[in-house]
Structure formats: C-alpha cells, structure tokens
Amino acid sequence: MAVRVQREDFDVGAALAELTDGRRDIGGVASFVGLVRDVSGDAQVRSMTLEHYPGMTESMLARIEAEAKARWPLDGTLIIHRYGRLEPGERIVLVATASAHRRHALEACEFLIDWLKTKAPFWKLEDTGDGERWVAAKASDDDAAARWQAGASDDRAAE
Amino acid sequence: MAVRVQREDFDVGAALAELTDGRRDIGGVASFVGLVRDVSGDAQVRSMTLEHYPGMTESMLARIEAEAKARWPLDGTLIIHRYGRLEPGERIVLVATASAHRRHALEACEFLIDWLKTKAPFWKLEDTGDGERWVAAKASDDDAAARWQAGASDDRAAE
Amino acid sequence: MRILYFAWLRQRTGTGEETIEPPPEVRDVAGLIEWLKGRGPGHAEALRDISAIRVAINQEFAGMDSAVAPGDEVALFPPMTGG
Amino acid sequence: MRILYFAWLRQRTGTGEETIEPPPEVRDVAGLIEWLKGRGPGHAEALRDISAIRVAINQEFAGMDSAVAPGDEVALFPPMTGG
C-alpha cells in the first residue's frame with residue numbers, strides 16, 4: 001500500500017512495477033490514469049491548477065486504500081495524485097491494484113478512482129482563456145461513488 | 001487501435017504512453033496486466049507455455065477491439081498478448097483503453113480482458129513439477145464474458 | 001481555533017488560513033459560519049450560500065451541526081473535484 | 001482440406017497439421033471428426049469426447065453441424081484459456 005501526493009509527474013511503468021517486482025503470486029494489475037483534457041464543457045482549457053488540503057489529503061487517500069483492501073483481497077495498491085499547475089495531456093492521478101484474481105483487481109481499481117473523486121480534498125481551477133473558473137463537482141461522480149456505498153463488491157448489481 | 005501477439009516481454013509504461021502521446025483530449029487510460037502466478041489450484045507452477053493459433057489470434061483480437069470501440073466512445077485501445085514459455089511473475093497480457101471519460105475507459109478495459117479470455121485462441125500448458133497439464137477453461141470466465149453478451153454497457157446492471 | 005479556506009472560499013475571503021477566537025455561543029459549524037460572515041465583506045460573500053460549503057473538523061468530514069471547540073482546525077471548502 | 005490441432009488435441013493426435021481428402025459423404029464437422037478418428041489410435045483417443053472440442057473453419061468459430069468443404073482450413077482445439 002502506498003499513497004503519494006506530489007507536484008512532479010510520475011512514471012506509470014515504474015509505479016506499476018512496484019506492485020509486482022519480486023512477486024510471483026499476483027495474477028493481475030489493474031490501473032487507471034487520469035489526464036488533463038483540453039476541453040471542459042464548451043470551453044478550451046489552457047491549464048488546470050490543483051489545490052489540495054495537505055495532511056488531510058494523504059490521510060483520506062490512505063483511508064480509501066484501506067477501504068479497498070477491506071473489501072477485496074488485494075496484494076497491493078497504489079495511489080499517486082499530483083497538485084499544482086498542469087497542462088492538457090498531463091497526468092493527474094494514478095490508481096492501481098494488484099490481486100491474485102483479475103475481477104478483484106478491476107473492481108477495486110474502479111472503486112479507488114470513484115471514491116477518490118468525491119472523498120479526497122482536491123479542487124480544480126481551470127484557465128479557459130476567458131479567465132479562471134473552479135470546476136464544479138459532478139452529480140455523475142456522486143452517483144459513481146454511491147454505487148459502492150453499500151459495501152460488498154456484489155452490490156454492483158444494484159448500479 | 002493496435003494488437004500485438006509476440007514472444008517478447010513488453011514495457012507497460014511505453015505501451016500506455018502510445019495511447020496518449022501528443023494527445024490532449026484523453027481524460028483517462030484504463031489498463032489491465034495479467035501475470036503468471038506460481039500457484040494453480042493446489043499445485044505449484046514452475047512455468048507456463050502459451051500456445052496460440054497464428055493468424056486467427058490476431059484477427060480475433062482485432063475483432064474484440066473493434067467490438068469495444070463499437071460499444072464505447074474510445075480514443076484508443078491496445079492489446080498485447082505473449083506466447084511461448086513464461087515463468088511465474090512474468091507478464092502475459094496487457095489490455096488498455098483511452099477515452100475522454102473514465103467510465104468508458106474502465107468498462108471497455110474490463111470488457112476486453114473478459115472477452116479475450118474466452119474468444120482468443122490461446123491455450124495454457126502448466127508445468128507443475130508433477131508433470132505438464134493443460135489449463136481447463138473456467139466457468140467463471142464464461143460467466144464474465146456472458147455479462148457483456150447482451151451488448152450495451154448499461155446491461156451491466158444485469159450482472 | 002484555526003480556520004482554513006480552500007478553492008473559491010480562499011479566493012473570496014482573501015485568506016487561506018486564520019486564527020480566531022469566536023465567542024462561547026458559537027458551538028457548531030453553522031454558528032461558526034454565521035459568525036465568520038461578520039469578519040468582512042469578502043467573508044460575507046464567500047459564506048453566503050451555506051449549501052455550497054463542505055466542512056472538515058480536525059481533518060475529518062463534518063456537518064453543519066457538528067460541534068466546534070477552541071483548538072479545532074476547521075476547514076471550509078466547496079465539493080471536491082480531484083481525480 | 002487442412003486440419004489443425006492445438007493444445008492436447010495436437011499432443012494426442014501427434015500432429016499439429018495434416019492435409020486430408022475425406023470422402024464426399026463427410027459434409028459437416030461432426031462427420032469430419034468421426035472420419036478423422038479412423039486415422040489411428042492417437043486420433044481416436046484425441047477425438048473421443050466431442051463435447052470437449054471446439055472448432056474453427058477458415059479461422060471463424062463454427063459448430064459441430066457447420067458444413068466443411070475441400071480447401072477449408074479446419075482447426076480443432078479445446079476451450080480457450082488465454083488472458
């Protein structure tokens with residue numbers, strides 16, 4: 001288990017390798033990388049600046065990881081989240097899970113990114129060229145997180 | 001879209017970068033890497049040898065990719081599958097999807113690995129130390145593929 | 001009591017952090033926000049719509065009716081948009 | 001007609017590929033498999049349990065009642081276990 005909150009970019013291959021190096025019992029590694037898009041609604045995005053709550057960010061991410069480990073039998077998890085100014089095409093976040101079985105890795109990966117979106121104290125400021133604006137939270141992100149609220153992985157049937 | 005069937009290992013970071021390099025419109029990249037485990041049932045696995053059907057393998061993987069692109073709005077997909085003799089801890093397969101929105105990338109990634117398991121002509125031979133044995137197809141893999149049979153991504157509610 | 005503001009709450013109040021000593025009748029988050037509005041026009045503007053504000057007390061999510069006490073770190077911010 | 005065998009079908013028949021000319025009464029996959037059993041004890045053993053065999057004709061999945069014709073590439077193999 002590892003959580004990193006950093007300004008610098010990260011190496012996806014190296015990060016994923018951390019989960020499996022020296023291991024022979026892992027059947028699969030699922031991952032998701034989120035990137036800055038050049039459009040937001042109908043506006044062009046020049047850059048995005050991520051603000052966060054130092055201290056609480058790390059503890060919330062660790063808690064989200066612990067929740068994933070409590071729900072699925074995972075051999076490893078990794079969350080890396082950047083802050084500061086980013087340009088379109090740049091990586092924002094990586095979540096990754098390793099497990100003996102692919103279903104557990106895939107479900108837990110989806111859970112991590114869904115929960116992180118609504119439970120980690122980050123805020124995005126977009127520079128659209130027409131000025132800056134704070135990104136509004138999306139109802140669809142709340143819905144995605146709520147799918148996992150009931151607890152067990154089997155509860156996805158209710159989605 | 002790209003499909004590779006090869007004996008050599010692959011670089012996960014470089015492979016994923018292919019999906020996003022020079023792009024500014026991609027919001028997320030989901031991926032799954034399958035690895036050789038050192039146990040199979042109650043037996044230790046010394047090595048695994050993957051046999052495939054050259055020609056049909058490539059065309060089936062391309063068709064599975066095309067099916068994913070027909071179901072979700074994807075900006076890129078990648079499937080790399082190895083064959084030949086592999087040891088525990090080695091990578092077997094990578095599936096990856098890129099999309100403007102994370103849900104599409106995540107769902108399509110899960111679809112690719114589920115369909116590939118039952119529709120791509122590969123066969124695994126395990127060396128367990130007590131001799132070689134062909135891996136039996138799993139009913140759970142058939143079930144996982146069947147979830148996607150109905151077609152639309154919304155049909156996951158039926159899982 | 002330490003108050004932290006993030007995102008547009010930080011911009012509108014004009015501060016990311018301030019140390020305050022509210023009167024004893026300020027017992028919960030709603031009362032605290034009401035009292036903070038009196039600190040100036042920026043605060044009044046930032047804290048006008050309570051439904052747009054989320055809160056953490058000592059780095060744990062809390063509600064508008066959660067109790068606040070001297071020594072607490074209270075953070076006010078809009079809904080989160082990470083990932 | 002070209003017949004390909006994979007996995008344990010290849011091992012038990014002792015061949016990965018053979019070119020054959022079945023008689024005209026062999027019209028579908030089931031008939032072809034029945035006829036192939038006569039090619040030797042290895043073939044008979046490999047092809048004994050038809051429920052364990054999957055088939056592709058010209059690299060497309062097919063069924064036991066699918067038609068076969070001279071010039072076809074017919075592959076016989078167990079259920080797939082890739083990924």
Side-chain angles (χ1 to χ4, degrees), chain A residues 10-17 19-40 44-45 75 87-103 105-107 109-111 113-114 117 138 140-141 143-144 147 154 156-159, chain B residues 10-17 19-40 44-45 75 87-103 105-107 109-111 113-114 117 138 140-141 143-144 147 154 156-159:
Chain A
F10 47 85
D11 180 323
V12 178
L16 297 182
L19 294 176
T20 54
D21 276 353
R23 302 287 297 254
R24 297 156 54 93
D25 55 342
I26 291 172
V29 174
S31 73
F32 178 81
V33 176
L35 304 117
V36 180
R37 291 180 62 206
D38 59 0
V39 290
S40 173
Q44 287 296 117
V45 174
D75 294 307
E87 297 193 352
E90 283 199 76
R91 282 176 279 269
I92 304 169
V93 63
L94 165 76
V95 297
T97 54
S99 182
H101 300 288
R102 81 177 182 286
R103 185 70 48 212
L106 288 162
E107 285 191 7
C109 177
E110 199 168 351
F111 168 84
I113 190 67
D114 283 350
K117 287 247 171 197
K138 289 186 198 134
S140 61
D141 285 336
D143 295 344
R147 291 190 311 152
D154 291 339
R156 295 180 85 200
E159 94 187 63
Chain B
F10 47 85
D11 180 323
V12 178
L16 297 181
L19 294 176
T20 54
D21 277 353
R23 302 286 299 253
R24 297 156 54 94
D25 56 341
I26 291 171
V29 173
S31 73
F32 178 81
V33 175
L35 304 117
V36 180
R37 291 178 64 208
D38 59 359
V39 289
S40 173
Q44 287 296 116
V45 174
D75 295 307
E87 297 193 352
E90 283 199 76
R91 283 177 278 269
I92 304 170
V93 62
L94 166 76
V95 298
T97 54
S99 182
H101 301 288
R102 81 178 182 286
R103 186 69 49 213
L106 288 162
E107 285 192 6
C109 176
E110 200 168 350
F111 168 83
I113 190 67
D114 282 351
K117 287 247 172 198
K138 290 188 198 129
S140 61
D141 286 336
D143 294 346
R147 291 189 311 152
D154 292 337
R156 295 180 89 201
E159 95 188 60

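Per chain, numbering begins at 1; letters A, B, ... match sequence-line order. When reading the values below, keep in mind they use all heavy atoms of this one structure, side chains included, and skip hydrogens, waters and symmetry mates.
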Under 4.5 Å from any heavy atom of chain A - which part of [X]:
X        : value
Leu16(B) : side chain
Val93(B) : neither
Ser31(B) : both
Asp25(B) : both

message: With rounding to the nearest 0.5 angstrom, report the OG1 to CD distance, Thr20(B) to Glu90(A).
response: 11.5 Å
- prompt: Got a second to check how far Arg23(A)'s CZ is from Arg37(B)'s CZ, nearest 0.5 Å?
  reply: 11.0 Å
Looking at side-chain heavy atoms only, is the closest gap between [X] and [Y] below 4.5 Å?
X         : Y         : result
Val12(B)  : Val12(A)  : no
Ile113(A) : Leu106(B) : yes
Arg24(B)  : Gln44(A)  : no
Arg102(A) : Glu110(B) : no

Heavy-atom cut-off 4.5 Å, strictly under: side chain, backbone, both or neither for [X] against chain B?
X         : answer
Asp114(A) : both
Ala100(A) : both
Ile26(A)  : both
Ala144(A) : both

Non-hydrogen atoms of Phe32(B) and Gly27(A) that approach each other most closely: CZ-O, 4.3 Å
query: Asp38(B), Val39(B), Val45(B): which one forms the most heavy-atom pairs within less than 4.5 Å of chain A?
result: Asp38(B)
query: chain A: which of Glu87(B), Lys117(B), Arg91(B) shares the most heavy-atom pairs with it under 4.5 Å?
result: Lys117(B)
Only pairs of heavy atoms separated by less than 4.5 Å count here; which of [options] has the most with chain B?
options                                 : value
Ile92(A), Thr97(A), Asp141(A), Asp11(A) : Asp141(A)
Leu94(A), Leu35(A), Val95(A), Val36(A)  : Leu35(A)
Pro88(A), Gly89(A), Ala14(A), Ala105(A) : Pro88(A)
Gly28(A), Ala17(A), Ala15(A)            : Gly28(A)

